[in-house]
Amino acid sequence: MIATAAADFAAALPNGGRLAGLDVGTKTIGVALCDAGWSFATPDKTIPRRKFSADLETLKALIAAQSVVGLVVGLPLNMDGSDSPRTQSTRAFARNLAPLGLPVLLWDERWSTAAVERAMIAADVSRAKRAERVDSAAAAFILQGAIDAMVR
């Protein structure tokens with residue numbers, strides 16, 4: 001099941017349980033996790049993209065190890081809310097996650113990377129450290145937005 005509304009996604013989930021946030025890029029997948037009570041999201045790791053089958057196996061192992069019950073995938077909409085080629089690619093990625101058997105929420109990720117970059121610059125994180133952490137931090141930003149909407 002793929003949802004675009006937080007309430008629909010929450011209804012498809014068991015009561016509580018860990019969620020994973022994904023920031024899907026062309027070269028990497030940023031991953032974040034939240035606690036079972038949906039209070040806070042934390043960056044986890046950045047997965048280098050390979051063939052989709054390899055990406056799926058990596059995600060499957062992560063989901064099993066972390067007892068994840070649902071996925072929040074960042075949806076890169078244009079600033080006016082319309083779809084772009086990257087949006088279509090992300091929707092296809094989400095559809096291809098069906099073998100995992102988990103509910104998926106497509107969450108608007110506009111400004112997520114920019115917000116994370118600004119916060120890292122303000123915290124005086126070096127350019128090299130920002131480059132290695134930005135994808136998982138953006139995934140945490142996306143996931144936090146989704147869990148905040150679900151618990152309201």
Side-chain angles (χ1 to χ4, degrees), residues 1-79 81-117 119-120 131-152:
M1 173 233 150
I2 298 176
T4 55
D8 296 339
F9 178 66
L13 294 168
N15 293 332
R18 292 191 85 182
L19 303 175
L22 304 178
D23 181 27
V24 181
T26 56
K27 296 180 183 174
T28 61
I29 302 170
V31 179
L33 297 166
C34 76
D35 61 307
W38 303 345
S39 300
F40 56 90
T42 54
D44 187 51
K45 63 176 68 177
T46 301
I47 301 169
R49 294 287 306 264
R50 299 171 299 191
K51 289 178 149 183
F52 181 79
S53 59
D55 294 343
L56 187 64
E57 289 305 313
T58 302
L59 289 172
K60 196 179 291 185
L62 175 104
I63 287 164
Q66 297 294 335
S67 303
V68 171
V69 298
L71 300 171
V72 177
V73 178
L75 188 64
L77 297 169
N78 288 323
M79 292 312 293
S82 64
D83 284 0
S84 69
R86 274 207 50 220
T87 308
Q88 294 303 322
S89 173
T90 301
R91 287 184 196 280
F93 183 90
R95 283 191 303 272
N96 290 334
L97 294 174
L100 298 174
L102 297 176
V104 174
L105 173 63
L106 293 174
W107 191 254
D108 184 356
E109 73 162 36
R110 285 178 280 186
W111 295 108
S112 62
T113 301
V116 167
E117 282 272 353
M120 287 180 164
E132 74 185 44
R133 296 180 185 161
V134 71
D135 293 324
S136 61
F141 186 89
I142 293 162
L143 181 56
Q144 188 66 52
I147 60 177
D148 287 350
M150 289 190 311
V151 296
R152 275 189 221 131

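Values reported hereafter were calculated over all heavy atoms of this structure, with side chains retained and with hydrogens, waters and symmetry mates removed.
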> Which heavy atom in F9 sits nearest to a heavy atom in P103, and how many Å separate them?
Replying inline: CE1-O, 3.4 Å

> Which distance, rounded to the nearest 0.5 Å, do you find between the SG of C34 and the CG of D44?
Replying inline: 11.5 Å

> How far apart are the C-alpha atoms of I2 and V73, what are their side-chain angles, what is the distance that settles it, and do they pass the side chain to side chain contact (heavy atoms under 4.5 Å, CB included) test?
Replying inline: CA-CA 10 Å; I2 298 176; V73 178; over 6 Å; no

> Taking atom CG of L100 and atom CD1 of I63, what is their separation to the nearest 0.5 Å?
Replying inline: 4.5 Å

> With no hydrogens and no angle check, is any side-chain donor or acceptor of D83 less than 3.5 Å from a backbone partner on Q88?
Replying inline: no

>> Does L56 form a side chain to side chain contact (heavy atoms under 4.5 Å, CB included) with N96? I'd like the steps, not just the answer.
In response: CA-CA 9 Å; L56 187 64; N96 290 334; over 6 Å; no

> Between the main-chain N or O of R18 and the side-chain N or O of W38, is there a donor-acceptor pair closer than 3.5 Å?
Replying inline: no

> Which side chain to side chain donor-acceptor pair (under 3.5 Å) pairs, counting each pair once, include a residue from residues 21-31, with sequence neighbours left out?
Replying inline: T28-D135

> At their closest point, which heavy atom of K45 faces which heavy atom of S136, and how far apart are they?
Replying inline: O-CB, 3.5 Å

>> Listing request: all salt bridge (Lys or Arg N to Asp or Glu O under 4.0 Å) pairs with a residue in residues 50-69, at least two apart in sequence or in separate chains.
In response: R49-D55, E57-K60

>> Rounded at 0.5 Å granularity, tell me how far CZ in R86 sits from CG in L75.
In response: 9.5 Å

>> For a quick test of reading the model, state the closest non-hydrogen atom pair linking L143 to G21 and the distance between them.
In response: CD2-N, 3.6 Å

> What are the two closest non-hydrogen atoms of V68 and G70, and how far apart are they?
Replying inline: CG1-O, 3.2 Å

> Hey, does P76 have a side-chain heavy atom less than 4.5 Å from the side chain of E109?
Replying inline: yes

>> I need the L105 CG to T4 OG1 distance, nearest 0.5 Å.
In response: 7.5 Å

>> Let's go through T87 and T90 carefully: what are the C-alpha distance in whole Å and the side-chain angles of both, what is the deciding distance for side chain to side chain donor-acceptor pair (under 3.5 Å) to 0.1 Å, and is it a yes or a no?
In response: CA-CA 5 Å; T87 308; T90 301; over 6 Å; no

>> Pair L62, I47 - check side chain to side chain contact (heavy atoms under 4.5 Å, CB included), show working.
In response: CA-CA 11 Å; L62 175 104; I47 301 169; 5.7 Å; no

>> Nearest 0.5 Å, please: how far is CZ in F40 from CG in L33?
In response: 10.5 Å

> How far apart are the closest heavy atoms of S39 and D35, and which atoms are they?
Replying inline: N-OD1, 2.8 Å

> With a 4.5 Å heavy-atom cut-off, do L97 and L102 have their side chains touching?
Replying inline: no

>> So which atom in A32 and which in A139 form the shortest heavy-atom distance, rounded to 0.1 Å?
In response: CB-C, 3.5 Å

> Looking at CD1 of I147 and CD1 of I142, how far apart are the two atoms once the value is rounded to the nearest 0.5 Å?
Replying inline: 12.5 Å

> Do V72 and L22 come within less than 4.5 Å of each other through their side chains, counting heavy atoms only?
Replying inline: no

